[in-house]
*Asks:* 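I have a structure I would like to understand better, so I am pasting it below and will then ask my questions one at a time.
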Amino acid sequence: MEFEKDLITLKSYSKEQIQHLLELSSNVKQKMKKKELYQPLKGYSMSMIFQKRSTRTRVSTETGMAYLGGHSLFLGKDDIQLGKNESLKDTALVLSRFNDLILARVFAHSDVEELATHSKVPVINALSDTYHPLQILADYLTIREHFGKLEGLTIAWVGDGNNVLHSFMVSAAKLGINLRVTTPHNFRPNSEIIDYAKTSSNEHNTEFLLTDDPKEGVKGADIIVTDTWVSMGQDEEYEARIKAFNGYQVTEELGKFANPNWKFMHCLPRKQHEVNDEVFYSKRSIVFDEAENRMYTVMAVILALLRMDK
Ligand code: CP
Ligand code: NVA
């Protein structure tokens, strides 16, 4: 299957490409669970630029790359010249001479776009202020494992209109998934992405709802999802945000308005105000499967972008 050079956002990926990545993730997962030796990436290397903190993305990618036989270099915010002494363009041009792939976690989405424009090798967005495509691939894999399908399901997002939500909004309708979004009025998602989600849901005959009432938002939901109320880079807004999100905690009480067998997801890291312990550590919660699947999905992306997915 053909892929574009990079993975910057799932907006530009088709249903078939996303499904192919999910299949490939499942295959890699089976191999890895069996400890089957599978090292197609011997001699390959990847630079991983992290301008923000990370546990899951960093560890899953480094571990996955090592399993595939490749080498990865963790480049934290003070490790390279980028941002202080060297432009994105020059960094991309230089790293392309050393590495077969670049993965980058950045603040401004335009930074990862600029890296991709100038890099000669594939660039993977490992989270920007606007999108988190690797997370959503892992979420879809996890949902597919638990529900046996994606099409026809309803995801209810309760929380901030942030990067993780945006990635659902540009991909859910294509996969036949209904999306019900609840955010406080002042924390709605990006308006262009709202327009995109509305158009896409009309095209694909799915539901897209935007509300500020959590009880309304979770009606008919198979999955309730939330994320941090204070994303990286928003620390100064902490108090105002906690106040604004009062009443948005995911609880069994709220879940009474969803489908009886609803599951809970969160990309992590999690704080108690977003979801109480009763839900977070319950059988409903599939958050640790979701975290584990970050590894197989990033491995699938690496293989597909390197055309090693045959
Ligand atoms: N979910 C996620 O991307 O986690 P990290 O910030 O720990 O990578
Ligand atoms: N929305 C969060 C996701 C962290 C994985 C953030 O951007 O900080």
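Since this is a predicted model, take the numbers as computed values, not measurements. Remember, it's 1-based here, ligands and their atoms both numbered in the order they're listed.
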*Asks:* Any atoms of ligand 1 less than 4.0 Å from a non-hydrogen atom of R56? List them with their elements.
*Replies:*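 Per the distance check, 1 (N), 2 (C), 4 (O), 5 (P), 7 (O), 8 (O).
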*Asks:* Tell me the contacting part of D129 for ligand 2: side chain, backbone, both, or neither, using a 4.0 Å heavy-atom threshold, strictly below.
*Replies:* neither
*Asks:* Where's the contact between T57 and ligand 2, heavy-atom distance under 4.0 Å: side chain, backbone, both or neither?
*Replies:*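 The answer is neither; T57 stays 4.0 Å or more away.
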*Asks:* Which ligand 1 atoms are under 4.0 Å away from a heavy-atom of H132?
*Replies:* 2 (C), 3 (O)
*Asks:* Show me which atoms of ligand 1 lie under 4.0 Å from any heavy atom of C267.
*Replies:* 1 (N)
*Asks:* Return yes or no for this condition: an N or O of R105 is under 3.5 Å from an N or O of ligand 2.
*Replies:*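 N/O-N/O distance under 3.5 Å: no.
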*Asks:* Residue-level breakdown please: for R294 versus ligand 1, do any non-hydrogen atoms fall below 4.0 Å on the side chain, on the backbone, on both, or on neither?
*Replies:*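 Only the side chain of R294 comes within reach of ligand 1.
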*Asks:* What do we get for R105 next to ligand 1 when only non-hydrogen atoms under 4.0 Å count, side chain, backbone, both or neither?
*Replies:*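 Just the side chain.
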*Asks:* Return a yes/no value for M232: is any of its N or O atoms, backbone included, closer than 3.5 angstrom to an N or O of ligand 1?
*Replies:* no
*Asks:* Can you name the one residue among I124, L75, T61 that meets side-chain contact (heavy atoms from CB on, under 4.5 Å) with M48?
*Replies:*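 Single side-chain contact (heavy atoms from CB on, under 4.5 Å) partner of M48 among I124, L75, T61: T61.
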*Asks:* Please could you name the atoms of ligand 2 that T228 approaches to less than 4.0 Å, counting only its heavy atoms?
*Replies:* 1 (N), 2 (C)
*Asks:* Assess whether side-chain contact (heavy atoms from CB on, under 4.5 Å) is satisfied between T182 and E216, documenting all intermediate values.
*Replies:* CA-CA 8 Å; T182 309; E216 169 66 14; over 6 Å; no
*Asks:* For ligand 1, does L127 get within less than 4.0 Å through its side chain, its backbone, both, or neither, judged by non-hydrogen atoms?
*Replies:* neither
*Asks:* Does any N or O atom in N163 lie less than 3.5 angstrom from one in ligand 2, N or O only?
*Replies:*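 Such a contact does occur with ligand 2.
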*Asks:* If the cut-off is 4.0 Å to any non-hydrogen atom of L268, which atoms of ligand 1 fall inside it?
*Replies:* 1 (N), 2 (C), 4 (O)
*Asks:* How about D277: does its CG atom have over 12 heavy atoms from other parts shown lying under 6.0 Å from it?
*Replies:* yes
*Asks:* So between R294, M232, R56, whose heavy atom ends up nearest atom 8 (O) of ligand 2?
*Replies:* M232
*Asks:* Should H109 and Y131 be marked as a ring pair (Phe, Tyr, Trp, His ring centres under 6.0 Å) after you check the CA-CA gap, both sets of side-chain angles, and the distance that decides it?
*Replies:* CA-CA 8 Å; H109 186 67; Y131 291 114; 5.2 Å; yes
